[in-house]
Amino acid sequence: MATKGKHSSPGSGGGAAAIKILLLGCLAVVIIAAGVTMLPERPDVSAAPETQAPASGGSLVRPTDPVPIITMPNGEAEETPGPEASAAPTAAAPVQTAAPGTAAPMVETPGSIGAGLPVTVRATAPVDESYFEDAVFIGDSRTEGLKLYSGLPTTFWSKVGLNVSTVFTDAFLELDGGHVTVADAIRTQEYSKVYIMLGINELGWPSAQTFADEYAKIIDLIRETHPDATIYVQSIFSIGRIRSSNDEVFNNNNVMRLQRALCDMCVEKDVNYLNVAEVLEAPDGYLIDDDSYDGTHLTVPYYKVWVNYLKSHTV
Amino acid sequence: MKKAKRIAALALALCAALALAGCVGKAEPIDVDGLAQEIVGAATFGEPMNALDSSVALGLYSAPEGSEVCAFAGTGATAEEAAVFNTGSAENAAALVESLRQRNQTRIDQYASYNPAEVPKLESAVILSGGPYVVLIVAQDASAAESIAKDALAGQ
């Protein structure tokens, strides 16, 4: 008996199968394609990074804590760096700058401030001590030490406590039967070279610019009275670590504050800058003389170091 | 003959007496370097003392021409110093003493504003003379050194 409802024709079973296979294949492709689009993208390794890690070796460090304010006589207030240990550790830390790509930060020191200026005296062949016979050395107690221990055959116009102002007012020099100021001596005496080292007694001055301005007057006076004289402005060399860390006035921050103003003055006036500080400081910027009694004055061996620097830096 | 012998004996005695008198008046010369070293060793200083070149010291102290000196000083951190001079005569020594006292007073005035802690040392400065010799001591404690100086100068 034939069954009704269902029709089948001879040869149609293979075509249906093919169609089924085709449909299944299409379905599989669609599924695979869908699956691929859901996977995360791989990065493109050929493109430059959008950001770079900071260069190794340090960063610019600036004091962030407040520093003591000192009121100037004219009523203006000016910041004066205090001792390095009294405020928060970063308040009086040396300014550190990192040259790109360097491994260690460069610390600003009294010696580094004046290095490489157009007016900085370069190293030369050493001169004989006779070079200093027609020179005068103007200075404070540090120069007094040079007078005692340098052995140089030269003239010293120096006194403990001398500063850029008392050069014009303190008649302590015994000359020509009387007492005169250093300024008087500058005007009246004969010399061909002038070495000046001042600044240690001005470290407590609120205004570094005032220091530089007064110093400039000395330069002007020398040029006015002895236009052919060779002038050497010597840097203010460092204070010892212990004193610098504990003294409100005698510290390297104040040395560097005045040193910057001094160097600016030397550049402005085109006067020779003798960077003595660079041979009298340790790598950390403090006075190299560990035996210094008070962290300010040198012991005898280091006066010899100073003298050798003078002999090997002339114009 | 007897008279001649007496005269001769008296003459010899007189010569001996004169010779003795000459010896008593003569003082022993002082070793300037030695005394200076002894003084520096006996005094108490706040910082190590350093020997000065004699030409520097003669200029520093405005010593009379022809003087011999042995001097020591600090590094500038203190007002301390010590020196022994042979000026050649008692007159030169007196002049140097006066000069040193004036210089010391000037230093007192300077240090009063520069470093007041040093003023007591200057106010206690030892400046002594004996014959042609002069001694200067500025120290934390000069008492022992002063005794040595006084003993050395006593016979001058």
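Within every chain, numbering begins at 1; the chains are lettered A, B, ... in the order of the sequence lines, protein sequences first and strands thereafter. Below, all heavy atoms of this structure are taken into account, side chains as well, without hydrogens, waters or symmetry copies.
In this structure, chain B has a heavy atom under 4.5 Å from the side chain of A:Y303, while its backbone stays farther away. Residue B:E47 touches chain A through both its backbone and its side chain, counting heavy-atom pairs closer than 4.5 Å. Residue contact with chain B, scored on non-hydrogen atoms closer than 4.5 Å, involves the side chain of A:N201 exclusively. A:L298 touches chain B through its backbone: at least one of N, CA, C or O sits under 4.5 Å from a heavy atom, while the side chain does not.
The candidate from B:D53, B:N115, B:V56, B:N50 with the greatest count of non-hydrogen atom pairs under 4.5 Å with chain A is B:N50. Considering only heavy-atom pairs separated by less than 4.5 Å from chain B, the leading option among A:K159, A:K147, A:E144 is A:K159. Most heavy-atom pairs under 4.5 Å with chain A: of the set B:G59, B:S62, B:A51, B:G74, this distinction falls to B:G74.
The distance between the ring centers of B:Y61 and B:F85 falls below 6.0 angstrom. Centroid-to-centroid, the aromatic rings of A:Y191 and A:H226 come within less than 6.0 Å.
A cation-pi arrangement is present between A:K193 and A:Y131, with the terminal nitrogen or guanidinium carbon under 6.0 Å from the aromatic centre and inside a 45° cone about the axis. Annotation: cation-pi pair A:R142/A:F237 present, NZ/CZ under 6.0 Å from the ring centroid and within 45° of its normal.
Counting heavy atoms from C-beta outward, A:P110 and A:N252 have side chains that approach closer than 4.5 Å.
To the nearest 0.5 Å, atoms CG (B:L58) and OG (B:S54) are separated by 6.0 Å.
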